[in-house]
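Residue numbering restarts at 1 for every chain, and letters A, B, ... go by the order of the sequence lines. A quick note: this is a predicted structure, and the numbers were derived from the prediction, not measured.
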Amino acid sequence: MLDLIVRRIAISIPILALVVTLAFVLVRALPGHPDALLDLDAAAEFTPEVLSSDPRRPVLEEFADWSTALFLRGDFGYSTLRRQPVSEVLADAIPHTLRLTIPALVLQVLVGVGLGIIAATRRGSVADGGVRIVSLILFSTPSFYLGIVLMFVFAGGVFSWLPTSGAESLGAGHSSLAERLLDQTRHLVLPVLTLVLGSSAVWARFTRAELLEVLGVEHIVAARARGVSERRIVWRHALRAAIVPLVTLLGLAFPYLIGGAVIVEMVYGWPGIGRLAVRAVIARDYDLFLAIQIVVGSTVLLGNLIADLAQAGIDPRIRRPA
Amino acid sequence: MKPMLARVAPVVGWLVSHCPALVVSGIVAVLAAGCDFGAPTKPSVEFSAQENERRGSGSTVLGSSSGGENPRPATRIVVLSVADADSLNPLTTSVQTGSEIVTLLFRGLCEIRPDLTFAPSLARSWEFSEDRLQLTFHLRDDVLWHDGTPFTAADVEFTFGIQKEPAVKFSAVAWKRFIESCVAVDPRTVRFTYVRAYPDQLADANVGGIVPKHILGSVPPEEIRRHEFQRQPIGTGPYRFVAWKKDQEIELAAFDRYYEGRARIDTVIFRPEPQPETRVLLMKSGQADVITRLAAADFAELASLPHLVGHALADRVYYFLGWNLTRAPFDRREVREALTCAIDRRELVRALLSDRGSVCRGPVAPFLWGHDPTIEALPFDVSRSERLLAAEGWKRGADGVLVRDGKRFSFRMMTNSGNALKSDTLTFVQGMLAKVGVDVIQEIIEPMAFKSRLEQHDFDGFVGALGVGLKMDLSGIWKTNAAYNFIGYGSKELDAAIDEAAGSVERVRGKELWSRIQAKIVHDQPYTFLFIPDQLNIVHRRLGNVEMQITGWTDSLHRWVVSEQEAAR
């Protein structure tokens, strides 16, 4: 097992370096640069009084400086968009994103897998049909649209039950701890719901398909023939076999904890990494964008590592050398 | 190793199918316990209640934190913006939200009135020397920085020096190019010396808020753009900085000892909200009080609601089509005239702006003193357009598109993404030009790529929007080598005429010169001038004394009031 961990980490390092180098080259290949002083939010794209920009340095020189600062001093650089060190910007945004994506991930797995089990064990029933149709509709609905519809229904358009956007109410810093907790939870409801509705559909359909396949294999048929109860067959035998691909799916979903909620963060004005990444690219904030790439890239590799280890834990065949 | 996940999964599955409510509430509780309570940035200097009392702050009229004889409920307004500010330092901000907030935190030597004349602000009065090469300002003696330090002429001298530092990249540094020096003669007097006399000397001296020498004086110029000051500013304006939660809110509070009297609204919160739909919902539901620069349809919807009031004023932006004069057939004046005549600009104002705007007639905005109201836009006249194109040798081909020497009149017109008004304009123009047999291919590209293509002159035509400064000057756009002359227009004669007009101290003569320049540009049609949209703003009805002016809507915010009945909201 230790051998597997070491091997996987050893492979991850050059992959990450490659990802970062590619990101560096691609982002520098884009036209424009951070000193363009372009106010992307104003109506006019140029105002004669605004001064023009500095000439750019050669890409290799910039890459050398940037990678030296990163690897020798652990310095992610300076965000031209937020005008503060990148590490401070990330430290500010990551907790917000995690606060949104952790409950969303947990809930989408629970709801999705739960619905998948119900659909598979009641194959052909109304419940199965319902799960399949609803999950297809939710899966096909883009999250920006779903987000705006939910916002319209619950936050001002039809009912005014929930806040429209942001991570907490304005001036919430002045209220008591309990009030603030309640306020933050209320702000979480719609963005989490948007993420859960879309993604749990994938989990439901995937679980259903996996479980149906497993329920047809010989040892399950044999167990039925031996008179083992249906509940025991599903929970004890079938689900255990079906869970291996689900764990892979979970590993692939892991990076979404950091970078996956871009659209929902934009729709709900959530001050997390996703919204920051979009602005960083538009404003050509190279240092910030690359730092987000490193963080998201590392999470992808970590997610894969965890998935592999979990699979090895569940399925003994994987951890044996071939 | 025992497969833990395999053990846990069935339990989780059972929990979900049997008691989902328990699972959900458990997760919410766990998450809530792990919430982020990162404290917002606090200002480095804040007065305590006792300190305010000791300093004799005027708190009896309004219920400030220092208490008073007849305190009234604190008033707070929420302002929506498209994006967060970049910096709150007047030296380094380069985006709209930043500039709007900086106006509340910092003051200049003069205040610009809505008619673009100057009124005293930090300076009580000023006078020119006889040769107009020196301008002397006499400063107020009752101005304090938000940390309590008195404001003096040394701050003005320091501000001018730091604005001119290349490393600071002050966005209006071009305005200072004719100012040779700025010297504090005594603590209440400061003198600007110019290299030559010209009409906008006062505007050039005045542009940019004054920054505190006692805080930034020891900071090397190359550090200014990264200094903490831009996140925790100290100014002399009617509002002082309280807190900035990035991408969430910027909180300002009325400065008790503002020299023109404390602002009537206690707290102003700026909230960035990237999504247009969300901004509209927040206004509808009364969660926000001010929204600016709305699209015409949203404006009409919000202004019809009983709790909101609309304020429309001409914006400082005009929209146009830019033609690449270095490429055929746009190098021919007659072709450009034909294209302009084929576009119904009145219809664009009606359809795209719901009549909230006006047809743009030339390169000088109507609010500037050099504007010549007698110059007319070219008429919308399809037959004239067709005649001109036919005279140029263009004939209709089999598919209805004009052809000359076997070449179709087909070209690409680009604009940037992210501005719906521009892309809608492009679609309308495409339709209108198709009627005279001109085929336009739309190209909507990312903003930075768009700017880059303009700089490389790599385009046939584009839909542009140009911000108009408060100064009467066309040299940044229309001179041959101007940084923003993307279209390759100009001549030595025009350059000389612009220089002469810009240097003419005598207004009557200046107006005459600017008139001739406008007539020449309108005749040449290097741009097809389209329209000037109104700036459409909405405020909550509970706000009174609301005045919005062309110089910037936050300029008079310190005079706004919240009606007393609504104040407790």
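Scored by the side-chain hydrogen bond (donor to acceptor under 3.5 Å, both in side chains) test, B/N485 finds no partners at all (sequence neighbours excluded). The salt bridge (charged side-chain N to carboxylate O under 4.0 Å, His left out) check on B/K284 picks up B/E301, with sequence neighbours excluded.
When side chains are defined from C-beta on, A/Q84 does not count as touching B/E228, because their heavy atoms never get closer than 4.5 Å. Annotation: side chain of A/R83 is in contact with side chain of B/T92 (closest heavy-atom distance under 4.5 Å).
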side-chain hydrogen bond (donor to acceptor under 3.5 Å, both in side chains) for B/Q275 and A/S165? Distances and angles first, verdict last. CA-CA 10 Å; B/Q275 210 62 25; A/S165 68; over 6 Å; no

Between B/R226 and A/E88, does the salt bridge (Lys or Arg N to Asp or Glu O under 4.0 Å) criterion hold? Intermediate values first, please. CA-CA 13 Å; B/R226 295 186 173 203; A/E88 281 179 24; over 6 Å; no

Before giving the answer on side-chain contact (heavy atoms from CB on, under 4.5 Å), spell out for A/E168 and B/E249 the whole-Å C-alpha distance, their side-chain angles and the decisive distance to 0.1 Å. CA-CA 10 Å; A/E168 59 183 350; B/E249 62 177 79; 5.9 Å; no

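Heavy atoms closer than 4.5 Å to chain B are found in the side chain of A/I148, but not in its backbone. Only the side chain of A/L276 comes within contact range of chain B, with at least one heavy atom under 4.5 Å from a heavy atom of that chain. Of the two parts of B/R271, only the side chain, counted from C-beta on, holds a non-hydrogen atom closer than 4.5 Å to a non-hydrogen atom of chain A. When heavy atoms are compared at a cutoff of 4.5 Å, A/A91 does not approach chain B at all. Only the side chain of B/E277 comes within less than 4.5 Å of a heavy atom in chain A; its backbone stays farther off.
When each of B/K246, B/E446, B/R453 is scored by its heavy-atom pairs under 4.5 Å with chain A, the top score falls to B/K246. Taking B/D86, B/T267, B/V207 one by one and counting their heavy-atom pairs under 4.5 Å with chain A, the maximum is reached by B/D86. Contact count versus chain B (heavy atoms, under 4.5 Å) is highest, among A/G269, A/P271, A/G166, for A/P271.
With values rounded to the nearest 0.5 angstrom, A/D92 atom CG is found 8.0 Å from B/D247 atom CG. Between the CG atom of B/D84 and the CZ atom of A/R275 there is a distance of 7.5 Å, given to the nearest 0.5 Å. From A/T164, atom OG1 reaches atom CG of B/L281 across 6.0 Å, with rounding to the nearest 0.5 Å.
Between B/Q248 and A/A167, the shortest heavy-atom distance links the atoms OE1-CB, 4.0 Å.
Of the N and O atoms on the side chains of B/R225 and A/T80, not one donor lies less than 3.5 Å from an acceptor on the other residue.
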